[in-house]
Structures are given as structure tokens and as C-alpha cells.
Participant: 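Let me give you the structure first, and then I'll get to my questions.
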Protein chains: 2
Amino acid sequence: MDVHDGFVSDTSARLLQLLSMLQTPRDWPGSELAERLGVSPRTIRRDIDRLRELGYPVQGTMGPVGGYRLAAGKAMPPLLLDDDEAVAIAVGLRTAASHPVEGIEEASVRALAKLEQVLPSRLRHRVGALGAATVSMLTGSEPNLDPQDLVVLAGAAANRERLRFSYRAGDGTPTRRLAEPYRLVAAGRRWYLLAYDNDRDDWRIFRADRISEPRATGVRVPPRVPPEQDAAAFITSKLYSLAPTYEVVATLGLPAEQVRQRLGAAAGEVEVIDQHSCRLRGSADTLEWLASRLLMLGCEFDVHEPPELVEYLRALGGRATRAAGDV
Amino acid sequence: MDVHDGFVSDTSARLLQLLSMLQTPRDWPGSELAERLGVSPRTIRRDIDRLRELGYPVQGTMGPVGGYRLAAGKAMPPLLLDDDEAVAIAVGLRTAASHPVEGIEEASVRALAKLEQVLPSRLRHRVGALGAATVSMLTGSEPNLDPQDLVVLAGAAANRERLRFSYRAGDGTPTRRLAEPYRLVAAGRRWYLLAYDNDRDDWRIFRADRISEPRATGVRVPPRVPPEQDAAAFITSKLYSLAPTYEVVATLGLPAEQVRQRLGAAAGEVEVIDQHSCRLRGSADTLEWLASRLLMLGCEFDVHEPPELVEYLRALGGRATRAAGDV
DNA sequence: CTATGTAGGCCAGTTTTCGTCCTATATGGA
DNA sequence: TCCATATAGGACGAAAACTGGCCTACATAG
């Protein structure tokens, strides 16, 4: 709990502290709130009213064991976090940004940008240290994508700031770029930046994990007209040339229902074969990801497509068997 | 952006909206803020002053391209999230709670509890749907732990509320329990609840993933004296009888430096053998976790200890090889 | 039934807040 | 170099809000 109690007896400051206390999962008697905030109980009751008028439903239970606490309303109240909680959220969002969850990719980065913008520097160190240990976990041999860079890209896109960064192409040669970012989008577990390349004088799509050292120049540019009215159309039209996706077909030795439950509905289509097996059709963008999910099911399975996955599984199986070879 | 502009011309409400806008990663000219909030520019400047006095450093840049934005200060300002961002944070925290990051386990659950307490119900559905797809990913065959239950446990512990839940013992038989939770702690990727069992009249440690349907009774009980002055001591003394941990010894065909970088420093001790290989000693609590991390390295390796891991790798290797067998 | 908690009306005195002036200063671009 | 535009902030009067101290009503646990 914040212990910078006492003065700054501003009404607004008191309301914020009140919100902070009420977000704790416990009941606060009005008398205790009054004492801690240094005002009369009557004022506390008025403050509670104020919060309610602002749309934050403070739930008050009567009787000797009663008290106030903040309940769920129709709008999100401002979250008042202590240091540890802020770090925990930042770490969680960084991993979420590295392994985006379908449907909330952009929101994750927006939230991370919002948080990192105001995160005290002493906490930033902790986030970096903790994040480093977890980020490279599922990426396997993928080049690791720094969430911090993502935040810079998203910020520049939102702020219409010109951006300078170095980009290494598919063959590994790095180039220095100057561009006006338009949007940062996620497609199939990868991040792409749609931007107007000032050197090439044309629109380009950059893979975020090939961008390094992005720096916002601070120069704001007027919003440029995207190549097509709908940016999403342009992206999807060009994306498949950039994103190698694998179409999977496999037979699994597990009831269809269990597979759906374990893989989640987003995994693809699951057809029932018989009581003990099913067929899975889906798509993914990295072999490591695919192989990991299939093996984690713990059941027997046959992979029919794609051949790359078969090859990868053969190699992985060999490594595992050899690792278990000489005890 | 929130578009419930206009009235509710309360000073506090305006300050909150101002904070909300300033957290966006862009610059806001004072004139635009004044227009949106329906007050004069002078009032905006005064509000900015107020925020600064509250400890939130608003950074203002002069000149024709200037504007205000919230910078990182020494304390966390209240986070004002829109719906999508709140959902993204909740999803991130749920996965973080299921796979706790060392050092911030409790903070993750505290933050999640704080957020879920005030999360509007319409967003709660989305969180549930999105979370279900990701939670069961790394757990493998582990019984999945509902983050929602964790929140209830943490809340009850913080609020000193008596708790009713059903607990299934190691042999699978479920029992109904009534207990006074003391603390929720994480140890090695698992959650444990230290509580006073009212039926048994003694202190017990419950594994959180074996608890189902926890319900806070709403009855607050006076804080009970923990069995030893330091709860952590009691827990660690009893924990190892509950938590099966595996001590790993393996030889990896990868330079020690790369292993440290890829696995993170927390993975264990890495000894240099020669330029191309190293020896890893560490501990983990699930075989799936161990095997996955080792295989994701993509290098050849030999597992010396424990025998269970060898056996698991042999089985997994067999499955992978068979899956790749008939193309 | 009683103690304890929330809920809220009323009133007077005080404080804060707001808008409209004003000037000073820093910055980017023509 | 000069100008337009931005932040930064002082002074003042009118208006609005806030606060504390009363009061009563009502719900709940023991």
C-alpha cells in the first residue's frame, strides 16, 4: 500500500488514493478510510458517491462486518498498481507480444506501450532482467524479437513519427532505412510493419523481427494515404509472400473432443475419424511451434503434410532418441 | 479513445481523462486538450500543474510541434486502459499465473486479482475465451489450473476470509474442505496454499491445482498465528515432500555461452566442456517442461540424470519418429 | 435487541476553481 | 533573421465546489 498518506489534501488526489485502496481485494470500513486519508467520514461518503457518479460502482455492504470495495462496472476504472504488480504486468505483456494471442495482438502492444511509457526506470531494469529469461523460450531457433522494439514501432506508427532503423533482408545483409510507419499488424504469430519507405519512395512491409535499433526521429509527418483504402487488404495481399505458412494435415490418436479442448478452437479444424482418433487440418507459421504442440498432446500421431514438418519431426525424434540412448 | 467527452465537468473526472489521453504514445497540444475536455487552455495548464504536483511528470515540449505527454516518473500513475488493452493484460497475466515467472509469482496473481475485481463482465467472457486457447499449451498433460481459482485463493488469503473448496488427494479421492487461508505461494512453477484446516484443526499445505470450486464464505476470521514465525520456513520445510523435482544432468552439443543465453540464467549451472559442448545441471518440476526446453535448443545432447527424463525422451522420440514414419 | 456499519439530507463557512486578461520563453520553419 | 506557435505562469474577481458537523433512515451480525 502507498504510504505517502497525509497532505496533498487535494480532492482529486484523495479520490485516486481511494480508488487505489478500494481495488485491493478486501473490505474497507469508512472510518478507516477517513482516518487514513485525513478527512471526516462524511467526506468519505461523499467521495464514494463521486466515484459512483463517475461510473465506478463501489459496493458497500452493511452491518458490523461491512465495508466498501470496488466492484466490476461497465467501464474500466484506472488501475492503480504497486511496483511489483506493474513489473508483473509488463513481463506478462512482453511474452504476450513475443507470442501474440490471436485477436488481441495489437492491444497487447498498445497496452505495453502505454505501460512502458510511464514505467519508472528502476522498474524497467527488473522487467528487462525477468523478461530475458522467458522470452527465448518458445521461439526456439527463431531470431528473438525485442518487445521494446515493438513498443517503439507501435508508438511511432500511432504518433506518425518518422522512423530510422536497420533492416536485415532475407540474405542477412543489413541496410539502414528511413520510413514513415503506418501500422503495426500481427499475422500468424509474426509482426509486420506497414510503412512508407522514404529511401525507396514506395510502400513496404517489414518483418518486425528483422528490424533492429529502431529510433523515432521525433519528426512528425502528415498522415500519408495508404496504398489502398483498406490497409488490411494491402497487407494480406502482400503478406503471404513474406510469411511462410505451413498447412498441416495429421491424424491424431486421441478423441476429437479432447484435441479441441487441448489445442483450443483456434488450432484448426478437427474431424472425427472414430472413437479414438481424429484428423487435424490447420496452419501455422513455424515448424517448432507445430511440432511442440503435437508432441505435447502425448498421443500417437501421423503427419501427412507438410513434408517439412515430417522432416523436422524425424530430426527431432532422432535427437531425442539419441539423447536417451546411453544412460 | 474514450468518446464520452463533454460534461461530467468535474475536476477529478477531467484529471482522469487527461491522464488517459496523456498515456497515449503521442503528443497532445494544450489547445486540443482544452477543446476535447470543454475547458479553457488556461485550465488545462493548471491541470497539468496539478498532475505534476501529484508526482506524475508531464513532459511538455515547446515550439510549433510541441505538446504534452506523460513521461516515466518515480511512481506508477494510474493506468487508464481501454477495453482491448484490459483484456490483453488479463490474458497475459493468466498465462503468467499458470506458468509463473520466478520472482514475481505473487505479484502476478495480485495484479490479476486487482484487475479481475473490476473487469466489466462483458470483457470477462472474452478473457475466458482467449485464455482457454493458450493456457493448456505448455502444461502438457498436467491438470490445468484455472487462473480464476488462483485469484479467489489469493483474495481470500489477503482478506482473511474463510474458504470452502474441494480437494482431491494424490489418489484422486475428492474431499470437501473448510480452511482459513494464510498465504498463497509459488515454488518451482507450482502454486501452494498455506492454510489452517478447520476440519483437521491443523495447518496444511494444499496444491492449488488440486483445489477446485473454491468459494470465499465471506466470513472474516482474526489472523491466526502461523506455525512458525516465518511462513517461508514452514513452507520450504514441508514443500519438498509435495513437490517432485527432478535434478537434471545433461551434456549439450552447444557452446556454454549460447546455452546460457538461450535458456536464461535461471536454468541452472552451465559448465564449459570444450568449445562446442557444455554440461548443464539444473532442476525442474515437470518432465514435459524439461524435455521441451532441451529439444528446443536444436542441438544434440545426452541426458545422464534423471532416469525419468531419459524414459520420457525415449517415448517422445519414438512418437516423433513414428509420426514422421509413413509420409 | 443492540451495536455497528452504510446512506444521505441540510446548512454555513471556507476553499478551490475557472476564465480572462497579461507577459516571458523556447523552438522550428520560411 | 524573423515570425508563428507552443509551453509556462502571474493577477484578479466571480462562481462553484468542497468540507465538517449535525441530523435521520436502514440493513445486518451476534
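Note that the structure is a prediction, hence the values are computed from the model and not measured. Within every chain, numbering begins at 1; the chains are lettered A, B, ... in the order of the sequence lines, protein sequences first and strands thereafter.
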Participant: Reading DNA chain D from 5' onward, which residue's closest nucleotide shows up sooner: G60(B) or S40(A)?
Facilitator: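 Of the two residues, G60(B) wins.
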
Participant: Under the side-chain contact (heavy atoms from CB on, under 4.5 Å) rule, collect the residues that match up with E180(A), sequence neighbours excluded.
Facilitator: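 Partners of E180(A) by the side-chain contact (heavy atoms from CB on, under 4.5 Å) criterion, ordered by chain and then number, come out as R162(A), Y196(A), N198(A), V221(A), R224(A).
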
Participant: Just call it for S31(B): base, sugar-phosphate, or nothing, with non-hydrogen atoms closer than 4.0 Å on any strand.
Facilitator: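 The residue S31(B) makes no contact with any strand.
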
Participant: Expressed as a whole number of angstroms, how long is the span from L37(B):CG to dT17(C):C1'?
Facilitator: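 These atoms are roughly 15 Å apart.
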
Participant: If you assign each of P41(B) and D49(A) to its closest nucleotide in DNA chain C, which residue comes earlier from the 5' end?
Facilitator: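 Mapping each residue to its closest nucleotide by heavy atoms, the 5'-most match is D49(A).
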
Participant: Can you check the D10(B) CG to dC18(D) P distance for me, whole Å?
Facilitator: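 Going from CG in D10(B) over to P in dC18(D) covers 5 Å.
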
Participant: How does protein reach along nucleotides 22-30 of chain D, written 5' to 3' as B (base within reach of a heavy atom under 4.0 Å), S (only sugar-phosphate), or - (no contact)?
Facilitator: B----SBS-

Participant: Looking only at side-chain N and O atoms, does R14(B) come under 4.0 Å of OP1 or OP2 in dA17(D)?
Facilitator: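 For dA17(D), OP1/OP2 do not have a side-chain N/O of R14(B) under 4.0 Å.
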
Participant: Which residues pass the side-chain contact (heavy atoms from CB on, under 4.5 Å) test with S166(A), not counting sequence neighbours?
Facilitator: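 S166(A) satisfies side-chain contact (heavy atoms from CB on, under 4.5 Å) with R176(A), S212(A) once adjacent residues are dropped.
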
Participant: Starting at CG of L18(B) and ending at P of dC18(C), how long is that distance when rounded to a whole Å?
Facilitator: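 In whole Å, dC18(C) P and L18(B) CG are 12 Å from each other.
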
Participant: Hey, could you give me the OH/CZ distance between Y192(B) and R207(B), rounded to the nearest 0.5 Å?
Facilitator: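 Going from the OH atom of Y192(B) to the CZ atom of R207(B) covers 5.5 Å.
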
Participant: Expressed as a whole number of angstroms, how long is the span from L33(A):CG to dT6(C):C1'?
Facilitator: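 Roughly 12 Å, once rounded to whole Å.
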
Participant: Report the residues that fulfil salt bridge (charged side-chain N to carboxylate O under 4.0 Å, His left out) with D197(A), sequence neighbours left out, ordered by chain and then residue number.
Facilitator: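 Salt bridge (charged side-chain N to carboxylate O under 4.0 Å, His left out) check on D197(A) returns R177(A).
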
Participant: So, does R52(B) get its side chain near the phosphate of dA8(D), meaning an N or O under 4.0 Å from OP1 or OP2?
Facilitator: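 True: R52(B) side-chain N/O within range (under 4.0 Å) of dA8(D) OP1/OP2.
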
Participant: For the helix from dC1(C)-dG30(D) to dA30(C)-dT1(D), figure out the bend between the end axes, five pairs an end, and round to 10 degrees.
Facilitator: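 Rounded to the nearest 10 degrees, the bend comes out at 60°.
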
Participant: Could you list the residues that satisfy side-chain contact (heavy atoms from CB on, under 4.5 Å) with V87(A), not counting sequence neighbours?
Facilitator: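 Partners of V87(A) by the side-chain contact (heavy atoms from CB on, under 4.5 Å) criterion, ordered by chain and then number, come out as V91(A), L123(A), R126(A), V127(A), L130(A), I104(B).
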
Participant: Send over the distance from D47(B) CG to dC18(C) C1', rounded to a whole Å.
Facilitator: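 In whole Å, dC18(C) C1' lies 10 Å from D47(B) CG.
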
Participant: Going by the rule salt bridge (charged side-chain N to carboxylate O under 4.0 Å, His left out), which residues pair with E32(A) if we only count those two or more places apart in sequence or in a different chain?
Facilitator: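 Here the qualifying residues are R26(A), R36(A).
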
Participant: Could you tell me how far apart I48(B) (CD1) and dA6(D) (P) are, to the nearest whole angstrom?
Facilitator: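 Going from CD1 in I48(B) over to P in dA6(D) covers 15 Å.
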
Participant: With rounding to the nearest 0.5 Å, note down the distance linking CG in L178(A) to CZ in R200(A).
Facilitator: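 Taking CG in L178(A) and CZ in R200(A), the distance rounds to 11.0 Å.
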
Participant: How long is the line joining CZ of R69(A) and P of dT6(C), in whole Å?
Facilitator: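 Taking CZ of R69(A) and P of dT6(C), I get 13 Å after rounding.
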
Participant: Do the side-chain N or O atoms of R46(A) get closer than 4.0 angstrom to the phosphate oxygens (OP1, OP2) of dA17(D)?
Facilitator: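 Checking R46(A) against dA17(D): no side-chain N or O falls below 4.0 Å of OP1 or OP2.
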
Participant: Considering just the side-chain nitrogens and oxygens of Y68(B), establish if one lies under 4.0 Å of OP1 or OP2 belonging to dA8(D).
Facilitator: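 Yes.
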
Participant: For R45(B), check side-chain contact (heavy atoms from CB on, under 4.5 Å) against everything at least two apart and list the hits.
Facilitator: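 R45(B) satisfies side-chain contact (heavy atoms from CB on, under 4.5 Å) with P41(B), R42(B), Y68(B) only.
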
Participant: Please report, rounded to the nearest Å, how far the P atom of dG21(D) is from the CD1 atom of I44(A).
Facilitator: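 In whole Å, dG21(D) P lies 14 Å from I44(A) CD1.
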
Participant: Rounded to the nearest 0.5 Å, how far apart are CG of L119(B) and NZ of K114(B)?
Facilitator: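 Rounded to the nearest 0.5 Å, the CG-NZ separation comes out at 15.0 Å.
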
Participant: With sequence neighbours excluded, what pairs up with S31(B) under the side-chain hydrogen bond (donor to acceptor under 3.5 Å, both in side chains) test?
Facilitator: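 Here no residue qualifies.
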
Participant: Can you find a side chain N or O atom of T11(B) that sits less than 4.0 Å from OP1 or OP2 on dC18(C)?
Facilitator: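 Yes, such a contact exists.
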
